[in-house]
Amino acid sequence: TPITRKPIYTDITAPPSGYTDDWNEVSLKMRNKANWICQQCFKDFSQTKTGLQVHHLDGVKHHNWESNLKVLCYDCHAEQPNHQHMKRR
């Protein structure tokens, strides 16, 4: 598919941490939109509001387009490519 929008940042202008200053708000918005349910295993986190994270599908932490984000529980997030460091031992 053709690229319809240019990325906001380049490798030079990207935030040092990789995450944008509004990441906490973006993440909360996505978790609310998913009703606090993991989009992979469908476990419900609506009562505790903890243990649910937002994953960047392309691995670029400042690429916050909704189409690039997926709401996942910690265990499902750890199963994503390049997230082996998150696996519980």
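Atom set for the values below is all heavy atoms of this structure, side chains included, hydrogens, waters and symmetry mates excluded.
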Applying side chain to side chain donor-acceptor pair (under 3.5 Å), name anything that partners [X], two or more places apart in sequence or on another chain.
{"X": "Gln39", "value": "none"}
{"X": "His56", "value": "Asn64"}
{"X": "Lys33", "value": "Glu66"}
{"X": "Asn68", "value": "Asp58, His63"}

Within this structure, what is the [atom1]-[atom2] distance for the pair [X] and [Y], rounded to the nearest 0.5 Å?
{"X": "Phe42", "Y": "Cys73", "atom1": "CZ", "atom2": "SG", "result": "11.0 Å"}
{"X": "Lys43", "Y": "Ile37", "atom1": "NZ", "atom2": "CD1", "result": "12.5 Å"}
{"X": "His55", "Y": "Gln40", "atom1": "NE2", "atom2": "CD", "result": "9.0 Å"}
{"X": "Cys38", "Y": "Gln53", "atom1": "SG", "atom2": "CD", "result": "10.0 Å"}

### Task
Could you walk me through whether Trp36 and Lys49 pass side-chain contact (heavy atoms from CB on, under 4.5 Å), step by step?
CA-CA 7 Å; Trp36 292 84; Lys49 304 280 195 222; 3.4 Å; yes

Side-chain polar contacts of residues 22-29 - donor-acceptor pairs under 3.5 angstrom, sequence neighbours left out - could you list them?
{"from": "Asp22", "atom 1": "OD1", "to": "Thr20", "atom 2": "OG1", "distance (Å)": "2.5"}
{"from": "Ser27", "atom 1": "OG", "to": "Arg31", "atom 2": "NE", "distance (Å)": "3.2"}
{"from": "Ser27", "atom 1": "OG", "to": "Arg31", "atom 2": "NH2", "distance (Å)": "3.3"}

### Query
Is there a path from Met30 to Leu52 through hydrophobic residues (I, L, V, M, F, W, Y) whose side chains come within less than 4.5 Å of each other?
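Yes; Leu52 is reachable from Met30 via cluster members.
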
### Task
May I ask you to test the Val54-Lys70 pair for a side-chain heavy-atom distance under 4.5 Å?
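No; the side chains remain at least 4.5 Å from each other.
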
### Task
Using side chain to side chain contact (heavy atoms under 4.5 Å, CB included) as the criterion, list what pairs up with Thr50, not counting sequence neighbours.
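Counting only residues at least two positions away or on another chain, Thr50 forms a side chain to side chain contact (heavy atoms under 4.5 Å, CB included) with Thr48.
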
